Amino acid sequence: MINALHLTDPHLFADRSGELRGTATHASLSAVLDHYRNGDWRADIALVTGDLIHDDSAAAYDHFKDLLATLGIPVYCLPGNHDVRRLMQQALAEPPFHYCASLRSGDWLIVNIDSCITGQAGGHVSAAELERLDQEIDGTDAAHVMVCLHHPPVPMQSRWLDSVGLENGAELLQRLGVSGKVRVVVFGHVHQPYDAEHDGVRIIGTPSTCRQFKQRSTLFAVDDNPPAYRRLRLLADGGLDNELVWLTD
Ligand SMILES: [Fe+2]
């Protein structure tokens, strides 16, 4: 069994007072981490599915590291469309941070993949990344696999958001289905909750640690939902317990 704290899209700035659509993102991520710490649920690892920063700065990654290091657990990160791969890899080169790394624990393999296209908001899982994914899944003796990425592998029923979604989501899900080992896919990017099952694979999106987007919206729009995070519990039998936690107060 593994407990994973899922955080996504913190959109930090070099300036700690920087705001995304009216939400100060550093304070917002701090509040999320405080909420986690003040609860009685404990994670073995943290998973952060992209858009760590918003202003292309190394200083924003330093703030991310300062905040996340206080958790005292390994932090597995993958890039989003707002990340700068070179800066992000440099920043996350040493434990407790891990960049696009895989993790084997108990009966589970967790694979973090890069779904970004440089300079574009939408995503595509490259042939090389699909190949790596296949190799990792084929080569593991773990009974169950969770795959994490930034972009949603399914449409969100939101016209603007689906125009910047994952170009080859259907191909990705088809390849994941072939293995018979993939139980869960987790993503960020959409700044809203998602939880559904597709062909036996649980697909889960978590809202941002800062500003949320309006669900099923035709045009870009933010909503008033608070920051959020998700508690994931990967069970020995391949099942999943999860709880979406909103910072309502
Ligand atoms: Fe984002």
Side-chain angles (χ1 to χ4, degrees), residues 5-16 18-33 46-57 60-61 63-64 67-68 75-85 87-88 91-92 99-100 112-125 148-167 169 185-195 203-217 219-230 244-247:
L5 169 65
H6 185 211
L7 308 170
T8 195
D9 296 80
H11 289 267
L12 299 179
F13 296 82
D15 177 352
R16 285 194 196 81
E19 296 184 356
L20 181 74
R21 310 264 168 191
T23 297
T25 60
H26 188 280
S28 181
L29 177 58
S30 295
V32 164
L33 296 175
L47 300 170
V48 189
T49 48
D51 287 358
L52 277 56
I53 67 159
H54 195 76
D55 63 355
D56 297 353
S57 73
Y61 284 116
H63 296 326
F64 175 83
L67 288 172
L68 271 290
V75 180
Y76 287 81
C77 303
L78 55 85
N81 48 293
H82 286 283
D83 286 300
V84 181
R85 287 191 185 97
L87 294 178
M88 185 173 170
L92 306 179
Y99 176 88
C100 272
N112 291 289
I113 62 170
D114 182 337
S115 61
C116 296
I117 308 169
T118 302
Q120 289 188 35
H124 185 100
V125 183
C148 308
L149 75 168
H150 183 64
H151 295 86
V154 289
M156 299 300 295
Q157 316 305 333
S158 166
R159 197 178 72 190
W160 81 268
L161 202 43
D162 289 333
S163 74
V164 291
L166 187 65
E167 291 173 350
V185 176
V186 170
F187 63 90
H189 189 57
V190 301
H191 294 229
Q192 60 193 265
Y194 184 88
D195 187 347
I203 301 187
I204 289 185
T206 297
S208 166
T209 60
C210 58
R211 195 71 171 163
Q212 315 305 350
F213 300 152
K214 195 167 187 289
Q215 295 183 57
R216 291 175 289 279
S217 183
L219 302 175
F220 175 83
V222 292
D223 75 9
D224 293 328
N225 278 331
Y229 66 96
R230 201 183 282 274
L244 175 59
V245 180
W246 296 100
L247 270 65

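In each ligand, atom 1 is the first atom listed, and ligand 1 is the first ligand listed. Note that the structure is a prediction, hence the values are computed from the model and not measured.
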Is the distance from the Fe ion (ligand 1) to some N, O or S atom of His191 under 2.8 Å? yes
Any N/O/S atom, backbone or side chain, of His11 lying under 2.8 Å from the Fe ion (ligand 1)? yes
Hey, which N, O or S atom on Asp51 ends up closest to the Fe ion (ligand 1)? OD2
Of all the N, O or S atoms in Asp9, which one sits nearest to the Fe ion (ligand 1)? OD2
Relative to the ring of His151, is the ring of His189 parallel (under 30°), tilted (30 to 60°) or perpendicular (over 60°)? tilted
Heavy-atom donor-acceptor pair, Asp114 side chain to Cys100 backbone, under 3.5 Å: no
Can you name the closest pair of heavy atoms from Leu166 and Ser115 and give their distance? CD1-CB, 3.9 Å
Testing His11, Gln212, Gln215 one by one against His191 for a side chain to side chain donor-acceptor pair (under 3.5 Å), which residue passes? His11
